[in-house]
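To start, the structure under review is shown below, and the notes come after it.
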Amino acid sequence: MGGILVIGSYNLDTVLRLERFPAPGETLTALGIAAFHGGKGSNQAVAAARARGRVALIATIGDDASGQAAHALWAAEGIDAQAVQTTQAPTGAATILLDAAGENQIIIIPGANAELAVPPGFTPPTDIAVALAQLETPQAATAALFRALPQSRRILNVAPAAPIMPELLAVTDMLVLNETEAAILAQREAEPAALALALAAETMREVIVTAGAAGAFWARPDGVVIDATPPRVVVADTTGAGDAFLGAFAAFSAEAYTPEKTLRLAVAAGALACTRHGAVPSLPYRAAILAPGGE
Ligand code: RIB
């Protein structure tokens, strides 16, 4: 089984639990506050490791308590963090507003994430089946790393939504994004399957659009679409659901599963992640993903 290389962010998440989101200019009282490990890159690395992938991470943190906590997390999760770099900037942070329906609004403060670069002396490993990145770290560094891994399946999670640099798209095999991000990228509203097909035709890449309880739609540039529906769950917090999907998708892609089954397992992982609060505490383990309803 090939390994998984995740290139991406670490954030310390501060979550404010609210009855509802504030209107512009309005002041609300929170129901509670909590801190969790977060950052799309680190979350996806943890999700892949919990699905029993062999995971290495390239990230950048600050020389501070959050950075030390991040290293402790990666060690506990069995993630190879040797290529993680430390800079003068503070470790990334995020403030997350969470409403009673489990929906969120996220503001990130990039800090050290904005300084992610190709690690000095980086030698591309030859046994990487999947390379996975997001848009919370500089696209130029991801492009350079993806370019060095032509034998891997290079997956770009287009989150947060932003235009993709041509040099990054040129070395990307697959795009994964949620329906909101897909509508931003496609510059129009449409059903998730239609957005996946349109983006696949436009970029000539495989595209997966995730759509919460409606599941996920995997389109190829030749017009073939496969889809998967998640098990029903009671939603506590959707934070990290996309990261659970990506991490599980990477881990099961690195094994000999069919595309249909890989997609089914990934949507199950995403659904399971909605049942608990916080990004990292909610990321499911392999056994839960493979359990009936998951598989
Ligand atoms: O995908 C969820 C993550 O987005 C949070 O953990 C937050 O840090 C932001 O990066």
Side-chain angles (χ1 to χ4, degrees), residues 6-18 33-51 57-62 64 66-67 69-70 73-74 77 79 84 89-99 102-116 132-139 142 155-162 175-182 184 208-212 216 235-250 266-267 269-284:
V6 182
I7 302 148
S9 58
Y10 172 87
N11 294 327
L12 176 67
D13 289 352
T14 300
V15 180
L16 296 175
R17 210 157 42 77
L18 307 168
I33 184 168
F36 297 102
H37 294 291
K40 295 184 194 303
S42 177
N43 292 346
Q44 292 176 20
V46 172
R50 289 187 181 176
L57 177 66
I58 294 179
T60 309
I61 53 171
D64 49 26
S66 299
L73 168 73
W74 300 325
E77 299 287 343
I79 293 167
V84 171
T91 296
T95 297
I96 301 180
L97 304 185
L98 178 68
D99 76 2
E103 295 298 332
N104 63 39
Q105 296 181 339
I106 303 180
I107 309 290
I108 56 172
I109 304 100
N113 294 313
E115 297 184 12
L116 189 144
L132 179 57
Q134 318 74 30
L135 296 185
E136 287 186 341
T137 48
Q139 293 193 31
T142 300
I155 302 174
L156 183 66
N157 175 210
V158 192
L175 304 175
V176 180
L177 60 180
N178 68 29
E179 53 190 332
T180 308
E181 294 153 351
I184 293 171
I208 296 179
V209 173
T210 60
V235 174
D237 179 0
T238 56
T239 311
D243 300 329
F245 176 97
L246 265 299
F249 186 85
V267 296
L272 290 167
C274 295
T275 61
R276 296 185 61 181
H277 283 275
V280 165
S282 72
L283 299 172

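In what follows, residues are counted from 1 in the order of the sequence shown. Both ligands and their constituent atoms are indexed starting at 1 by order of listing.
Closest to atom 3 (C) of ligand 1 among all protein heavy atoms lies Asn43 ND2, 3.7 Å. Closest to atom 10 (O) of ligand 1, if we only count protein heavy atoms, is Glu136 OE2, 2.6 Å.
Nearest to atom 4 (O) of ligand 1 by heavy-atom distance, out of Lys40, Gln134, His37, Gln44, is Lys40. For atom 2 (C) of ligand 1, the choice among Asp243, Val280, Asn178, Asn104 with the nearest heavy atom turns out to be Asp243.
Under the rule for a side-chain contact (heavy atoms from CB on, under 4.5 Å), the partners of Ala182 that lie at least two apart in sequence or sit in another chain are Leu177, Leu195, Leu199, Val209. With sequence neighbours excluded, the residues satisfying side-chain contact (heavy atoms from CB on, under 4.5 Å) with Ala133 are Ile7, Thr142, Phe146, Leu156.
Residue Ala94 approaches ligand 1 through these ligand atoms, each under 4.0 Å from one of its heavy atoms: 7 (C), 8 (O). Of all atoms in ligand 1, listed by their number and element, those nearer than 4.0 Å to a heavy atom of Gly38 are 6 (O), 8 (O). For ligand 1, the atoms closer than 4.0 angstrom to any heavy atom of Asp13 are 5 (C), 6 (O), 7 (C), 8 (O).
Screening Leu132, Leu175, Val6 for a side chain to side chain contact (heavy atoms under 4.5 Å, CB included) involving Ile155 leaves a single residue, Leu132.
One N or O on the side chain of Asn178 and one on the backbone of Thr180 form a donor-acceptor pair closer than 3.5 Å.
The N/O atoms of Gly39, backbone and side chain alike, include one that comes under 3.5 Å of an N/O atom in ligand 1.
Inspection of the Asp64 and Ser66 side chains reveals no N or O donor paired with an N or O acceptor under 3.5 Å.
Crowding of Ile107 atom CD1: a count of heavy atoms from other residues, nucleotides or ligands under 6.0 Å not exceeding 12.
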